[in-house]
Q: 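Handing you a structure now.
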Amino acid sequence: MTPLQLFDTYERKVRAFEPLTAGRVGMYACGPTVYNFAHIGNLRTYLFEDILRRVLEFNGYEVHHVMNITDVGHLTSDADSGEDKMELGSKRTGMTAWEMADYYSEAFIADLERLNILMPDVWCKATDHIDEQIAFVEDLETKGYTYRTNDGIYFDSQKLNGYGHLARLDVEGLRQGARVQPGERRFVTDFALWKFSPPGEQRQMEWQSPWGIGFPGWHIECSAMSAKYLGDFFDIHCGGEDHIPIHHTNEIAQTEASRGTRLANFWMHGYFLQVGDAKMAKSDGEFLRLKTVIEKGFDASSYRYFCMTAHYRTQMSFSWDSLQATNTALQRLYQLAYDWGEPGEIASGMLGRFADHINDDLNIPRAIAVIWDMVKADINKADKKATLLEMDKVLGLGFADWRPQEREVPADVMALVEQREQARQSRDFTRADSLRAEVAALGFQIEDTREGPKVTG
RNA sequence: GGCUGGGUGGCAGAGUGGUCAUGCAGCGGUCUGCAACACCGUUUACGCCGGUUCGAUUCCGACCCCAGCCUCCA
């Protein structure tokens, strides 16, 4: 088996993965901001992270998986700052920010469960770690990386050598191309560590700090919480591609300034799902949820499989037709695997090829191609089944538990089926075909097999 | 506008300096009373223009288009 290789955004190359501590992997995944439901594009990223985790476990590592929940927003009491997500969400739903955070956190976790995504070992909420964040900012202040403006404490990105290396930022170009007035910020790439509550306003979420009442900036929660649960330098930090230039760049800046590390040994990013010509933007109001996919008659596992047909590091196009196409393939595979019966011995050649591909920077599309090779290969069914079940530890499609849909066939339908079979036996095919059409109109399909007619719903 | 990444057959999507991705769809066939299922076979590709090379979809350059970020979006 080829040793595991992963692409590291920081170094911009695929390199051998070696855990910092033998046998153990610390993995931090940027979680959701809980102001709305997750859309299927969000979920693609969590599917990528799930595959990453399963591949690490397949390689024998014990994974310590941490995911944050961003439940802090800029909450103001009036409509002026309509940009704020938590505020808008609270207004839209009629819930308090706290209620809304719980509501959408639960909905998010339910989606992950439906997709058979393994749960993190630690869920950490930003609001449960205010003290850690304040301590982190205090440390940065002591080390001289902060300055104060009228609305908050900011990180002085120019004090740091190599700010923006993760994203290969052209800092001077950013300065010239800035579309927003910097205000009291000294430089475009500076960002808030702590924001003050505006005078005279009561926020739903605000806390006491050495700098006054306010709330933490967005980036600080990940630096503070990952340090708490995984240490100052851990194995893998992952998230969506959109985080590369801002969020992860700033996390690295904070941690570099405070702890002297680049936070994680590997930085990994899942790429966007495209729907039609546009990306999925929650701000557009309309976005596609897993719920919608299920309501259209697909299983969550079909969406899981769909995502696995593309490499995590390429943008992928979603359409109902392409989901339908992968669904057809997956249902075929389920039925085939079911018909293979009880598992025998693992076919090591096939499993080896599969493992080589997953270890080659999670090349799941190639790994799945090996499965289709195996379908056609001259290997006995029991061994194919055993091999597939082993592969499914990574794929997570649930081949062991899949059963053909057995819908209760009503007695009147069964009667028609029997009448048709009699008509067939007496070679009255005209009558047989019209009875088949009748049964179809009632929502059941008849397939003639050697064992007689098979009725499916 | 700047920076970062990408453009592959009807669709989705791998990969490679010179023989195959794979799946779905299509087409032909086996099976079937006809179908369905299954199985066998099979067509179509590498954005555009140059360059390097014996040979480029693959390497290099320009151009066009798409995406991300510069607006606390996975």
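When reading the values below, keep in mind they use all heavy atoms of this one structure, side chains included, and skip hydrogens, waters and symmetry mates.
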Q: Can you check the A:N42 CG to B:A74 C1' distance for me, whole Å?
A: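 One finds 5 Å between C1' of B:A74 and CG of A:N42, rounded.
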Q: At 4.0 Å (heavy atoms only), tell me whether A:H311 reaches a base, stays on the sugar-phosphate, or touches nothing.
A: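 The residue A:H311 makes sugar-phosphate contact but no base contact.
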Q: Hunt down the Watson-Crick or G-U wobble partner of B:A12, both distances under 3.5 Å, from any strand shown, or write none.
A: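 Paired with B:A12, as far as the under-3.5 Å criterion goes, is B:U22.
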Q: Between A:M100 and A:T93, which heavy-atom pair has the shortest distance, and what is it?
A: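 Result for this residue pair: SD-OG1, 3.9 Å.
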Q: Report yes if a donor N or O on one partner sits less than 3.5 Å from an acceptor N or O on the other, where the partners are the side chain of A:R332 and the base of B:C37; otherwise report no.
A: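 Such a pair does not exist between side chain and base.
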Q: Is it true that A:D50 and A:R53 make a salt bridge, defined as a side-chain N closer than 4.0 Å to a carboxylate O?
A: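 Answer for the salt bridge query: no.
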Q: Between A:R114 and A:D111, does at least one N-O distance fall below 4.0 Å, as a salt bridge requires?
A: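 Counted as a salt bridge, because a side-chain N and a carboxylate O are separated by less than 4.0 Å.
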Q: Go ahead and name the base partner of B:U57; Watson-Crick or wobble counts if both distances stay under 3.5 Å, otherwise write none.
A: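 None - no nucleotide pairs with B:U57, as no candidate has both distances under 3.5 Å.
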Q: Can you tell me how far C1' of B:C3 sits from CD of A:E241, to the nearest Å?
A: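 It is 14 Å, rounded to the nearest whole Å.
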Q: To the nearest 0.5 Å, how far apart are OH in A:Y46 and CD1 in A:I117?
A: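 A:Y46 atom OH to A:I117 atom CD1 measures 9.5 Å (nearest 0.5 Å).
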Q: Can you say whether a donor on the side chain of A:R420 sits under 3.5 Å from an acceptor on the base of B:G33, or the other way round?
A: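 Counting by modelled atom types and ignoring angles, a donor-acceptor contact under 3.5 Å is found here.
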Q: To the nearest Å, how far apart are A:I368 CD1 and B:G23 P?
A: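 Spelled out: CD1 on A:I368 to P on B:G23 is 11 Å.
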Q: Is any side-chain N or O of A:S322 under 3.5 Å from a base N or O of B:A12, one able to act as donor and the other as acceptor?
A: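 Check fails, no donor-acceptor contact within cut-off.
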Q: Rounded to the Å, how far apart are A:N363 CG and B:U22 P?
A: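 For the pair A:N363 CG and B:U22 P, the rounded distance is 14 Å.
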Q: Write down the distance between NE2 (A:H219) and P (B:A74), rounded to a whole number of angstrom.
A: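 So the two atoms are 13 Å apart, to the nearest Å.
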Q: Classify the side chain of A:D448 and the base of B:C34 as holding, or not holding, a donor-acceptor pair under 3.5 Å.
A: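 Checked by distance alone, the answer is yes.
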Q: Can you check the A:Q274 CD to B:G7 P distance for me, whole Å?
A: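 Atom CD in A:Q274 sits about 13 Å away from atom P in B:G7.
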Q: Go ahead and name the base partner of B:C27; Watson-Crick or wobble counts if both distances stay under 3.5 Å, otherwise write none.
A: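 Answer to the pairing question: B:G41, which forms a Watson-Crick or G-U pair with B:C27.
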Q: What's the CG-C1' distance between A:N327 and B:A25, to the nearest Å?
A: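 The answer, rounded to whole Å, is 14 Å.
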